[in-house]
Each structure stands twice: as structure tokens, then as C-alpha cells.
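Because the structure is predicted, anything quoted here is derived from the model rather than measured. Just so we're on the same page: letters track the sequence lines, and every chain starts at 1.
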Amino acid sequence: DTGVSQDPRHKITKRGQNVTFRCDPISEHNRLYWYRQTLGQGPEFLTYFQNEAQLEKSRLLSDRFSAERPKGSFSTLEIQRTEQGDSAMYLCASTETGSLNEKLFFGSGTQLSVL
Amino acid sequence: AQKVTQAQTEISVVEKEDVTLDCVYETRDTTYYLFWYKQPPSGELVFLIRRNSFDEQNEISGRYSWNFQKSTSSFNFTITASQVVDSAVYFCALRGNYGGSQGNLIFGKGTKLSVKP
């Protein structure tokens, strides 16, 4: 059973650098979500895709953030000109069908540290 | 606005004790969904339960039970006879059906449960 896979698990970067994370959802899942979690907080929604279409973006997602899901399978989240405030765990989740009450399957996340 | 409040930041119990994790939510949606997720030290959130707003029946799954009360906007989670493996951070979450929050979960800040042997 292949779950949601995220790469890398950890990323350390210097302020001002660009970083890109990858998420591979469960293969039959057509919805993919990105969340961000900081220490002591719950995950915060960033954006989600249905197939290749990006349907919603949070106001948390500044212009420095961009997400893609070009073929409706894997997704990438890029952060340009990273800032120390971007340090967080970035979580990807997927679910099947279009129903809003479907449970999410989460990956283990990418821990970003911006020095 | 939608909001989930988990007032208990940390709870510590001794194995075999029962423990209840509180969750209070706010929403203007008439149809909504409530969830509990578990986040063990490995970091991967694991789905525990989903409850629809029009179904107020309480649910029991093994040592886990959930008490949903619309009158008090609460969705509390009880672990009976806790075990060390229950140690984790537990998140309550809300998803509305209409408006700007469609398609995403609103999480509480979580309750860290430590079960000591």
C-alpha cells in the first residue's frame, strides 16, 4: 500500500534562496492539498487541486509561493526568496472523489528550516 | 468565520486511565463536517473519525468514543483505558460546505496527550 509521499523530508536553506518540495499522492486520488504547520499549531490550509486545476488558495499563500500539479498526479510547492518566517512543516494530503467530507491521507511532511 | 478551539494544550495521564479531549467549534454553515486526527511523533496525521453536522449520534470504536453535541458546538473525544501508544498530538478539525472555506480543513491547535506507563 503506497501512501502519500513527500520529498525531501528535511530542507535547510539560507534566507533568499528558492526551494521546491514534491508530493506524490495516492494514485487514484484526484484531490491534493498543501498545508503548513508551525510548532505548537495545527496545520493551516494553503491550497488544493482537483486533478490539475488549482481550485482554492489561502490568503496565507503569498506571491512568493506557487504550487503546480501539471498532469494531475504529483504536485510541487515552490517558495521563492525564502524568509525565516517560512520555516515550518509543509504537509501534503490527498483524497478521492469530489466529496467534501472525504478523509484526508497525509504525508509525513517536509520540514523547512530557513537560516 | 470558522474556528476550532482545543482549550487543553497538554494532558498527561497514567496508563489505563480514561481521558477526554475537548473540542469546541464555530461555524455559520448549516451543513458541516467535524474530524479528529492523530499526529504521532513520526509526524504523519492519521484520520480517526468524520462526523456530519446532521448526525448527532455518538460513536464508539474500540477504546475510542466521540460525543457530538450541536447545542454546545462541541465534539469531544474520549480514550478509555489509555495506553502508551496513544501518546500523540490530537487535532480536531472542521470543514464547512459553503462559502470561502469550501475544500479545506480548519484545525484546532491540538492537544498533546502523554500516557505514562
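Annotation: side chain of B:L45 is not in contact with side chain of A:Y35 (no heavy-atom distance under 4.5 Å). Considering only heavy atoms from C-beta on, B:Y37 comes within 4.5 Å of A:L104 through its side chain. Counting heavy atoms from C-beta on, the side chains of B:R95 and A:F45 never come closer than 4.5 Å.
Per-residue heavy-atom pair counts under 4.5 Å with chain A were compared for B:K112, B:Q6, B:Q39, and the maximum is reached by B:Q39. When each of A:P43, A:S58, A:G109, A:S108 is checked for heavy-atom pairs under 4.5 Å with chain B, A:P43 comes out on top.
Within 6.0 Å of atom CG in B:D55, more than 12 heavy atoms from other residues, nucleotides or ligands are found, so the atom counts as buried in its surroundings. Within a 6.0 Å radius of CZ in A:R15, other residues, nucleotides and ligands contribute 12 heavy atoms or fewer. Counted within 6.0 Å of CD on B:Q83, heavy atoms from surrounding residues, nucleotides or ligands total more than 12; the atom is thus considered enclosed. Taking a 6.0 Å sphere around CG of A:L115, one finds it holds more than 12 heavy atoms contributed by other residues, nucleotides or ligands. Summarising the local packing, NZ of B:K16 is surrounded by 12 or fewer heavy atoms from other residues, nucleotides or ligands at distances under 6.0 Å.
Using a 4.5 Å cut-off between heavy atoms, A:L55 makes no contact with chain B at all. For A:Q37, the part lying under 4.5 angstrom from a heavy atom of chain B is the side chain only. Proximity to chain B (any heavy atom under 4.5 Å) is shown, for A:R59, by neither the backbone nor the side chain.
Note that CD of A:Q41 and NZ of B:K109 are 4.5 Å apart. Values are rounded to the nearest 0.5 Å. Between the CD atom in A:E44 and the CG atom in B:L105 there is a gap of 13.0 Å [rounded to 0.5 Å].
Linking ILVMFWY side-chain heavy atoms closer than 4.5 Å, directly or via other members, places A:F74 and A:Y33 in two distinct hydrophobic clusters. A continuous path of ILVMFWY side-chain contacts below 4.5 Å connects B:L48 to B:Y25, so both sit in one hydrophobic cluster. Linking ILVMFWY residues whenever their side-chain heavy atoms come closer than 4.5 Å, directly or via other members, leaves B:V24 and B:I49 in distinct clusters.
When all heavy atoms are compared, the tightest approach of A:F106 to B:E44 is O-CG, 3.3 Å.
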